[in-house]
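Order of the sequence lines sets the chain letters (A, B, ...), proteins ahead of strands, with each chain counted from 1. Just so it is clear, the model here is predicted, and its values are computed rather than measured.
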There are 2 protein chains.
Amino acid sequence: MGQVNTPTPTSQPLARLFAVAFRSLVDGLHVALRDRGWNDVRPAFGPVLLACRYEPTSTTALAQLMGMTKQAASKLIDTMDAAGYLARTVDTSDARQRPVALTTRGRELLAVVDEIYADLEQEWATVVGQVEVDHLRATITRVLGLESGELPPVRLW
Amino acid sequence: MGQVNTPTPTSQPLARLFAVAFRSLVDGLHVALRDRGWNDVRPAFGPVLLACRYEPTSTTALAQLMGMTKQAASKLIDTMDAAGYLARTVDTSDARQRPVALTTRGRELLAVVDEIYADLEQEWATVVGQVEVDHLRATITRVLGLESGELPPVRLW
DNA sequence: TGATGTAGTCAACGTGGTTGACCAATAGCG
DNA sequence: CGCTATTGGTCAACCACGTTGACTACATCA
């Protein structure tokens, strides 16, 4: 992926470092969830929980957010519904829509995810300092040109 | 995944920024590969090409590197063999082993990947400066504790 | 009111993984 | 040197999670 003549950690391609960093955070989250008894949470649940945090979200919107087909998003919603984290609702102004809303259990999970994830990022701050973490965040945001817009769809799980 | 009250790009969870950054680099690589006529290269080929850069690599080692079963690694190798990028060899000192080596075409692909990827990272340097990119790399390496060891297995594609 | 587009679902399919079993080869031990 | 345990790799079957194309119900527009 990257031209590395004498591969050392400090000369690893950024892509791989991003992949390892992402995996480290997500795996850390899921290990901590399981430690607390949340045994049926899959990585794909994360983006859905976040998307439904403030208001019910349509299947089409979730599909776009996650870069998958409406059918696949619907299947994922079915799985989370069966697990008790989401509930399908009806839209009084558009009968085609079946927005999904967090259940009480879904909100509880989201709260735990927030807490655990805050700890994980705090661990980063502990190693290099909060200023450095904020700088990291700002640099990546700048390069990706995300200062003013929504994040693009991304699926990594 | 992260506690964000008023979600803005600059306060996005690091995990999601890493995911988007990774996706941006890998998708950029594959778009450029296709532009140059390399139409059958899949994201999973990347780690294999890199792993076989300097010497043939065993199926077991590839499986460990990529965090998958030997069977899955063998299937992937079969696919890359059929596409002409790898060739299975024999190990004269251990007949059980069937190390895989890059073919001429595999080396050509790896050279193109190196070139494209260097350009992609250069784009990052163009936006924020090479010093900033090196700093990014060093910071993530430090947090992940990778200064002195091999990268852990990671699969993201 | 008819045409067109959208939201969501259905059934079937394909891909890329895992699992458990197996075989051949190697390493180590008594 | 023979035996046992381990390792490298393969086999067949299975599973999860995506896609595809078709379809229905609903909304919008002229």
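Note on residues 80-90 of chain B: pairs passing side-chain hydrogen bond (donor to acceptor under 3.5 Å, both in side chains), not counting sequence neighbours, are B:Asp40-B:Tyr85, B:Ser74-B:Arg88, B:Asp78-B:Arg88, B:Tyr85-B:Arg105.
Residue B:Thr59 has no polar side-chain atom (N or O) positioned under 4.0 Å from OP1 or OP2 of D:dG8.
Taken residue by residue, residues 81-100 of chain A places heavy atoms nearer than 4.0 Å to DNA chain D at A:Ser93, A:Asp94, A:Ala95, A:Arg96.
Nucleotide C:dG14 holds its P atom 16 Å from the CZ atom of B:Arg42, rounded to whole Å. In this structure, A:Leu62 places its CG atom 13 Å from C1' of C:dG8, rounding to the nearest Å.
For A:Arg53 and A:Asp114, the salt-bridge test passes: some basic side-chain N is under 4.0 Å from an acidic carboxylate O.
Taking every side-chain heavy atom of A:Gln71 into account, C:dT9 is the closest of C:dT9, D:dG18, D:dA12. For B:Met68, counting side-chain heavy atoms from C-beta on, the closest listed nucleotide (D:dG9, D:dC17, C:dT18) is C:dT18. Across C:dT9, C:dA7, D:dG9, the shortest atom-to-atom separation from the side chain of A:Thr60 is found for C:dA7.
When the nearest nucleotides of DNA chain D are assigned to A:Thr79 and B:Ser58 by heavy-atom distance, the more 5′-ward of the two goes with B:Ser58. Comparing A:Thr69 and B:Lys70 by the nucleotide of DNA chain D whose heavy atom lies nearest to each, the residue mapping closer to the 5' end is B:Lys70. Mapping A:Lys75 and A:Asp78 onto DNA chain C by nearest heavy atom places A:Asp78 closer to the 5' end of the strand.
Looking at heavy atoms from C-beta onward, A:Pro56 lies out of side-chain contact with A:Val100 at the 4.5 angstrom threshold.
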Acceptor/donor pairs from residues 57-66 of chain A side chains to any protein atom, 3.5 angstrom cut, sequence neighbours excluded:
residue	atom	partner	partner atom	Å
A:Thr57	OG1	A:Ala51	O	3.0
A:Thr57	OG1	A:Glu55	O	3.3
A:Ser58	OG	A:Ala61	N	3.0

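We find the CG-CG distance between A:Leu17 and B:Leu136 to be 8.5 Å, quoted to the nearest 0.5 Å.
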A:Arg36 and A:Glu115: salt bridge (Lys or Arg N to Asp or Glu O under 4.0 Å), yes or no, with the steps? CA-CA 12 Å; A:Arg36 301 186 192 205; A:Glu115 184 185 327; 3.2 Å; yes

